[in-house]
Amino acid sequence: MERVEIRTVRVMLSVITTTGLEAVIDRLRADRRRVIGPTVRDGVIALDEIESLGDLPVGWTDEQVPGRYRAEERGTDELFGHAAPASSWKQLVYPERTLLVRSNREDGSMEAVEPEPTRLAFFGMRSCDLRSLELLDRVFLDVAATDPTYAERRADLFVVAVTCGSPAATCFCASMGSGPVPSAGHDLGLTEIGEDGSRRFVVDAATDAGRALLATLPHRDAGPEDLAAARDVGARAAAHMGRTLDPADPPVAAADLDHPRWTQVAERCLSCANCTMVCPTCFCSTTEDTTDLTGAVAERWRRWDSCFTLDFSYLHGGSVRQSGMSRYRQWLLHKLVTWHDQFDTSGCVGCGRCITWCPVGIDLTEEVAALAHSTGGSS
């Protein structure tokens, strides 16, 4: 038998200050990248292009409970003292609307619209959202059906990830194995430590691109106190999460399709599709054709859709899932069960956005527990 030598690679962690972190943004922008990060906009912590650390939600936090969100200042100089932003990063690699084909009656032309080259850098990405990119890769980078827009935006993406030290009450990424500490898929990983006036960041340079950028920054090796403080940030965040879900064996897999809980949750569900719009892994879409006022130019667009919309399952003169119950059941079972059949993983990363942004506060983890309590009986 051939002997396989296993080598252990020691990961060297470094420490930078806010000056070094400001330089990270400067280097990325000098590399002609659009740097996208969390910022305060319209009363929420959302994603937008940033030019400096001053654009971040410095000193802001957010309160998230089922059906309720509130961002507020707390008077500190903490840069990342909030949970995952209200919107997911999905919109930047898989836009809400994408032009596919344009035709012109005047000259008889029809052309497929190629995606525009876009160099992006994600700054301050949480581990749950980082995991969602890995899941979207399985959907859109399949060799048999690669999505050109997603592939173009994903190919040269630079990611600066951040350990989530302030998870929301709706988060459960620790139980899903997707957080709160970034473990893969990033170029630079940051953990914010220190007190007001002495903020510093333990840095994990995980790729050649990340190490090359770090080499241009003022930094030092992380000491035992730095490492202990960084570990404590992740441990406290994981312990703070009160919700759990089993990603490998969700008990809802055994739930009766006629379980009375489906009817009970459907009586509350508005079929508004908020949960699928904010979800970082939902990828359903539809196509729509439009023309200009003269009818000379026609375009075909792909836009986001949801399994909660009545027309989404429209086939041969009618919708397959006409009741709210059947649409909610489709969403939950696909997300947690049949994703395993398709992609060998759960479709949920535990970010909790679907719980926060549901107008009536439907809690995914609560519904799963209720459905698992009894697998028999019908309404």
Original post:
Salt bridge check: are Asp208 and Arg211 linked by an N-O gap of less than 4.0 Å?
Top reply: yes
Original post:
Is any side-chain heavy atom of Phe158 less than 4.5 Å from a side-chain heavy atom of Leu213?
Top reply: yes
Subject >> Sequence neighbours excluded - salt bridge (Lys or Arg N to Asp or Glu O under 4.0 Å) pairs with any residue from residues 267-288 >> reply: Arg97-Glu288, Arg268-Glu367, Glu288-Arg303
**OP:** Measure the spacing between CZ of Arg200 and CD1 of Ile16 and express it to the nearest 0.5 Å.
**Re:** 12.5 Å
**OP:** Side-chain contact test, heavy atoms from C-beta onward, threshold under 4.5 Å: evaluate it for Leu217 versus Val203 and give yes or no.
**Re:** no
**OP:** Begin with the C-alpha distance, continue with both residues' side-chain angles, and end with the deciding distance and a verdict on side-chain contact (heavy atoms from CB on, under 4.5 Å) for Leu371 and Trp262.
**Re:** CA-CA 8 Å; Leu371 286 161; Trp262 297 120; 3.5 Å; yes
**OP:** Keeping the roles fixed (side chain from Asp77, backbone from Gly197), state whether a donor-acceptor pair exists under 3.5 Å.
**Re:** yes
**OP:** Sequence neighbours left out, what passes salt bridge (Lys or Arg N to Asp or Glu O under 4.0 Å) with Arg231? Give chain and number order.
**Re:** none
Subject >> Sidechain-backbone polar pair: Thr61 side chain, Gly81 backbone, donor-acceptor under 3.5 Å >> reply: yes
Original post:
Can you tell if the side chain of Gln330 reaches within under 4.5 Å of the side chain of Ser313, non-hydrogen atoms only?
Top reply: no
Original post:
Just wondering, do Ser326 and Gln322 contact through their side chains at under 4.5 Å, heavy atoms?
Top reply: no
Original post:
Under 3.5 Å, side chain of Gln64 to main-chain N/O of Ala168, donor-acceptor pair present?
Top reply: no
**OP:** State, yes or no, whether a side-chain contact exists between Ser109 and Arg102 at a heavy-atom distance under 4.5 Å.
**Re:** no
Under 3.5 Å, which donor-acceptor pairs do the side chains of residues 36-47 form with other protein atoms, sequence neighbours left out?
from: Thr39; atom 1: OG1; to: Asp55; atom 2: O; distance (Å): 2.6
from: Arg41; atom 1: NH1; to: Leu47; atom 2: O; distance (Å): 3.0
from: Arg41; atom 1: NH1; to: Asp48; atom 2: OD2; distance (Å): 3.3

Original post:
What's the spacing between Leu135 CG and Phe283 CZ if we round to 0.5 Å?
Top reply: 10.5 Å
**OP:** Report yes if some heavy atom in the side chain of Arg74 is under 4.5 Å from a heavy atom in the side chain of Trp60; otherwise report no.
**Re:** no
**OP:** Salt-bridge test for Arg33 and Asp156: reply yes if a basic N is under 4.0 Å from a carboxylate O, no otherwise.
**Re:** yes
Subject >> Thr19: partners by side chain to side chain contact (heavy atoms under 4.5 Å, CB included), with sequence neighbours left out >> reply: Thr17
Original post:
Side chain of Ser175, backbone of Leu245: donor and acceptor closer than 3.5 Å?
Top reply: yes
Original post:
Which residue pairs satisfy the side-chain hydrogen bond (donor to acceptor under 3.5 Å, both in side chains) criterion with at least one member in residues 157-173, sequence neighbours excluded?
Top reply: Thr163-Thr191, Thr170-Thr356
**OP:** Answer yes or no: is there a donor N or O on one side and an acceptor on the other, between the side chain of Asp292 and the main chain of Ala296, under 3.5 Å?
**Re:** yes
Original post:
Is the closest basic N to carboxylate O distance between Asp129 and Arg353 below 4.0 Å?
Top reply: yes
Original post:
With Asp107, which residues qualify under salt bridge (Lys or Arg N to Asp or Glu O under 4.0 Å), at least two apart?
Top reply: none
Original post:
Can you pull the salt bridge (Lys or Arg N to Asp or Glu O under 4.0 Å) pairs that have at least one residue in residues 168-189, sequence neighbours excluded?
Top reply: none
Original post:
To the nearest 0.5 Å, how far apart are SG in Cys351 and CZ in Arg126?
Top reply: 12.5 Å
Original post:
Can you tell me how far SG of Cys171 sits from CE of Met176, rounded to the nearest 0.5 angstrom?
Top reply: 12.5 Å
Subject >> Contact list for residues 162-215, test ring pair (Phe, Tyr, Trp, His ring centres under 6.0 Å), sequence neighbours left out >> reply: none
Subject >> Straight-line distance of Phe123 CZ to Leu56 CG, nearest 0.5 Å >> reply: 6.0 Å
**OP:** Mind listing the closest non-hydrogen atom pair of Ala237 and Pro167 along with its distance?
**Re:** O-CG, 3.5 Å
Original post:
Which ILVMFWY residues can you reach from Leu315 by hopping between side chains whose heavy atoms are under 4.5 Å apart?
Top reply: Val320
Subject >> Test: Arg68 and Glu63 ion pair at under 4.0 Å >> reply: yes
Subject >> Residue list, salt bridge (Lys or Arg N to Asp or Glu O under 4.0 Å) with Arg327, at least two apart or on another chain >> reply: none
Original post:
Is there a side-chain contact between Leu364 and Cys348 (heavy atoms, below 4.5 Å)?
Top reply: yes
Original post:
Are side-chain heavy atoms of Ile355 and Glu366 found at a separation under 4.5 Å?
Top reply: no
**OP:** Could you tell me whether the side chains of Thr345 and Arg131 share a donor-acceptor contact shorter than 3.5 Å?
**Re:** yes
**OP:** Tell me, please, which residues at least two apart from Asp142 pass side chain to side chain contact (heavy atoms under 4.5 Å, CB included).
**Re:** Ala144
Original post:
Taking only residues two or more places apart in sequence, or in another chain, which ones meet Arg329 in a salt bridge (Lys or Arg N to Asp or Glu O under 4.0 Å)?
Top reply: none
**OP:** Could you tell me the separation between the CZ atom of Arg300 and the CG atom of Leu100, rounded to the nearest 0.5 Å?
**Re:** 8.0 Å
